[in-house]
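Below: one structure, written as structure tokens.
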Amino acid sequence: MPTPRALTLTRPDDFHLHLRDGPAMASVVPHTAAQFGRALVMPNLKPPVTTVAQALAYRERILAALEQRAPEGADSAFAPLMTLYLTDNTPLDEVARVAETPEVIAFKYYPAGATTNSDSGVTALERVYRVLAAMEQQGVVLCLHGEVTSPEVDVFDREARFVEGPLAQIARDFPALRMVVEHITTREAADWVEAAPAHVGATITPQHLLYSRNALFTGGIRPHFYCLPVLKRESHRQRLIEAATSGNPKFFLGTDSAPHAKNSKESCCGAAGCYSAHAALELYAEAFEAADALDRLDDFASRFGAAFYGLPRNTGTVTLARETWSPPDAFAFGEETVVPLTLGRALAWRLRAPMGSGGRE
């Protein structure tokens with residue numbers, strides 16, 4: 001199909017986002033608010049967000065920071081959606097509180113030690129079975145970082161082993177539990193989600209749609225492409241493209257945009273995470289255009305995620321113009337800087353100012 005000069009989408013949602021906290025968070029949250037109507041904010045702060053009260057306080061800090069930094073006349077309809085960090089000691093009472101708090105819509109499962117600030121994560125599935133049972137009963141969503149952490153498992157196989165092991169176990173023992181397998185990276189994960197019941201979904205990031213693991217080593221080690229789960233083989237990337245552009249409502253947008261200070265990325269033990277919030281829609285448009293599927297981006301970005309979480313669809317719009325431009329090579333991040341995924345490259349699409357109130361149907 002011919003490439004349009006402009007592409008208008010219902011204002012989309014990001015169902016997987018890291019913002020950090022304090023001045024660093026205040027620096028980056030306007031990027032997300034400029035593109036998305038809502039974003040599901042991850043709870044892996046230090047200390048982690050483990051209660052509804054903490055989540056609501058974090059949400060207020062996000063909104064206050066955004067209000068201070070928004071230019072006069074800017075759209076102020078952005079709504080953070082919050083998650084709780086699931087631990088071995090999560091009390092059952094918090095499940096009920098989540099179920100009755102519209103601003104908090106999910107728990108996040110991190111295997112202990114799997115990724116950034118996951119040391120407080122679940123050490124053994126059986127230790128959270130009572131909580132999972134309560135979540136299943138009350139219809140609360142479980143978002144999963146889908147990797148095993150056993151040191152003998154190859155880092156490129158960690159997701160596939162999670163799918164065949166812990167994920168299959170959870171689905172077997174809690175067949176009605178609503179789950180989102182986050183930032184899937186492999187054909188095994190895409191196939192499993194595709195075959196699962198309708199109450200199981202998955203998010204897909206721009207980096208996993210656009211890049212294979214070769215990107216980590218082109219011209220030397222490139223730390224700003226390093227994330228967890230790590231980029232995989234080209235055959236896996238192609239399977240993710242197929243899933244994202246298929247029109248299957250189980251697959252929807254979640255950037256996993258994860259800012260880290262430049263000096264923590266460009267170090268001997270660089271932090272895992274790609275920063276994409278500044279140009280997320282532009283990157284997704286590039287991936288969908290390459291697959292000749294721009295007509296399916298609106299569903300993936302603006303419809304399927306909201307429907308999965310039982311949320312009304314946004315009513316405002318955003319427009320991407322067919323325009324070549326180069327994002328900055330760094331952005332403010334509190335007193336530090338953050339280097340984006342787009343370092344050193346031009347983009348073919350550019351976001352125009354959002355239109356409409358960004359309200360909900």
Side-chain angles (χ1 to χ4, degrees), residues 11-46 48-49 55 57-71 74-83 85 108 115-117 182-183 203 205-207 223-228 253-267 270-284 301 318 325-345 347 350-351 353-354 358:
R11 191 163 187 180
D13 298 309
D14 181 354
F15 282 101
H16 189 131
L17 177 69
H18 298 271
L19 288 173
R20 315 310 179 199
D21 208 351
M25 172 269 289
S27 297
V28 298
V29 66
H31 290 159
T32 292
Q35 299 212 343
F36 297 99
R38 294 169 291 217
L40 186 60
V41 182
M42 295 297 106
N44 57 332
L45 303 182
K46 286 187 175 181
V49 178
Y58 183 26
R59 185 176 189 271
E60 289 305 310
R61 296 195 298 274
I62 293 168
L63 291 172
L66 189 59
E67 183 176 359
Q68 290 178 357
R69 289 178 176 260
D75 189 338
S76 60
F78 174 72
L81 300 168
M82 311 309 292
T83 55
Y85 194 119
K108 181 62 182 284
T115 188
T116 302
N117 299 344
E182 301 285 13
H183 45 48
T203 56
T205 77
Q207 64 265 27
H224 302 289
F225 285 86
Y226 172 52
C227 58
L228 288 173
L253 188 154
T255 64
D256 192 24
S257 182
H260 292 277
K262 179 180 179 181
N263 60 6
S264 71
K265 289 287 289 180
E266 298 177 1
S267 69
C274 297
Y275 186 67
S276 61
H278 67 295
L281 292 178
E282 291 93 329
L283 292 168
Y284 281 112
V318 296
W325 67 292
S326 296
D329 287 346
F331 295 95
F333 188 52
E335 297 181 355
E336 312 266 359
T337 59
V338 58
V339 176
L341 180 65
T342 53
L343 174 67
R345 58 164 294 186
L347 300 179
R350 189 167 195 173
L351 181 72

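Side-chain atoms are counted along with the backbone in the values below, which use heavy atoms only and exclude waters and symmetry mates.
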(message) Is there a side-chain contact between Thr32 and Phe78 in this structure, where contact means two heavy atoms from C-beta onward sitting under 4.5 Å apart?
(response) yes
(message) For a quick test of reading the model, state the closest non-hydrogen atom pair linking Arg20 to Pro259 and the distance between them.
(response) NE-O, 2.8 Å
(request) Flag the pair Leu281 / Leu253 as yes when at least one side-chain heavy-atom distance between them is below 4.5 Å, and no otherwise. (result) yes
(request) Would you check if there is a donor-acceptor pair between the side chains of Tyr275 and His31 at a distance under 3.5 Å? (result) yes
(message) I'd like to know whether Leu19 forms a side chain to side chain contact (heavy atoms under 4.5 Å, CB included) with Val28, so could you lay out the CA-CA distance, the side-chain angles of the two residues, the decisive distance to 0.1 Å, and finally the verdict.
(response) CA-CA 7 Å; Leu19 288 173; Val28 298; 4.2 Å; yes
(request) Write down the atom of Met42, the atom of Tyr58, and the distance for their closest heavy-atom approach. (result) O-CE2, 4.0 Å
(message) Would you say that Pro48 contacts Pro43 through its side chain, given a criterion of any heavy-atom pair below 4.5 Å between the two side chains?
(response) no
(request) Search all heavy atoms of Met25 against all heavy atoms of Ala65 and return the closest pair with its distance. (result) SD-CB, 3.8 Å
(request) Using atom types as modelled and distance alone, determine if a side-chain donor or acceptor of Lys265 lies under 3.5 Å from a backbone N or O of Cys274. (result) no
(request) For side-chain hydrogen bond (donor to acceptor under 3.5 Å, both in side chains), just list the numbers for Glu266 and His224, CA-CA rounded to whole Å, side-chain angles, deciding distance to a tenth of an Å, and then say yes or no. (result) CA-CA 8 Å; Glu266 298 177 1; His224 302 289; 2.8 Å; yes
(request) Using a 4.5 Å cut-off on heavy atoms from C-beta on, say whether the side chain of Phe15 contacts that of Glu182. (result) no
(request) Search all heavy atoms of Ile62 against all heavy atoms of Pro80 and return the closest pair with its distance. (result) CG2-CG, 3.8 Å
(message) Using side-chain heavy atoms (C-beta onward) and a distance below 4.5 Å, is Ser326 in contact with Arg345?
(response) no
(request) Dump the intermediate steps for side chain to side chain contact (heavy atoms under 4.5 Å, CB included) on Lys108 and His16, then the final yes or no. (result) CA-CA 10 Å; Lys108 181 62 182 284; His16 189 131; 3.4 Å; yes
(request) Go through the side-chain N and O atoms of His278 and Gln35 and say whether any donor and acceptor fall under 3.5 Å apart. (result) no
(request) May I ask you to check whether Asp14 and Thr255 show a side-chain donor-acceptor distance below 3.5 Å? (result) yes
(message) Consider side chain to side chain contact (heavy atoms under 4.5 Å, CB included). Of Leu343, Leu341, Leu347, which one does Pro327 pass it with?
(response) Leu347
(message) Minimum heavy-atom separation for Ala277 and Ser257, please, with both atom names.
(response) N-OG, 3.1 Å
(request) Measure from the side-chain N and O atoms of Asp13 to the backbone N and O of Ala39, and report whether any donor-acceptor pair falls under 3.5 Å. (result) no
(request) Please check if the side chain of Glu336 supplies one atom and the backbone of Lys262 the other of a donor-acceptor pair under 3.5 Å. (result) no
(request) Find out whether His183 and Gln207 are in side-chain contact, i.e. whether some heavy atom of one side chain is under 4.5 Å from a heavy atom of the other. (result) no
(request) Spell out, as yes or no, whether a donor-acceptor pair under 3.5 Å connects the side chain of His18 to the backbone of Asp256. (result) no
(message) For Val318 versus Leu351, what's the shortest heavy-atom pair and its separation?
(response) CB-CD1, 3.8 Å
(request) With the side chain counted from C-beta on, respond yes when Leu45 and Tyr85 share a heavy-atom pair under 4.5 Å apart, and no when they do not. (result) no
(message) Using side-chain heavy atoms (C-beta onward) and a distance below 4.5 Å, is Thr205 in contact with Thr203?
(response) no
(request) Say whether, by atom type as modelled, one donor and one acceptor occur between the side chain of Ser27 and the main chain of Pro23 under 3.5 angstrom. (result) yes
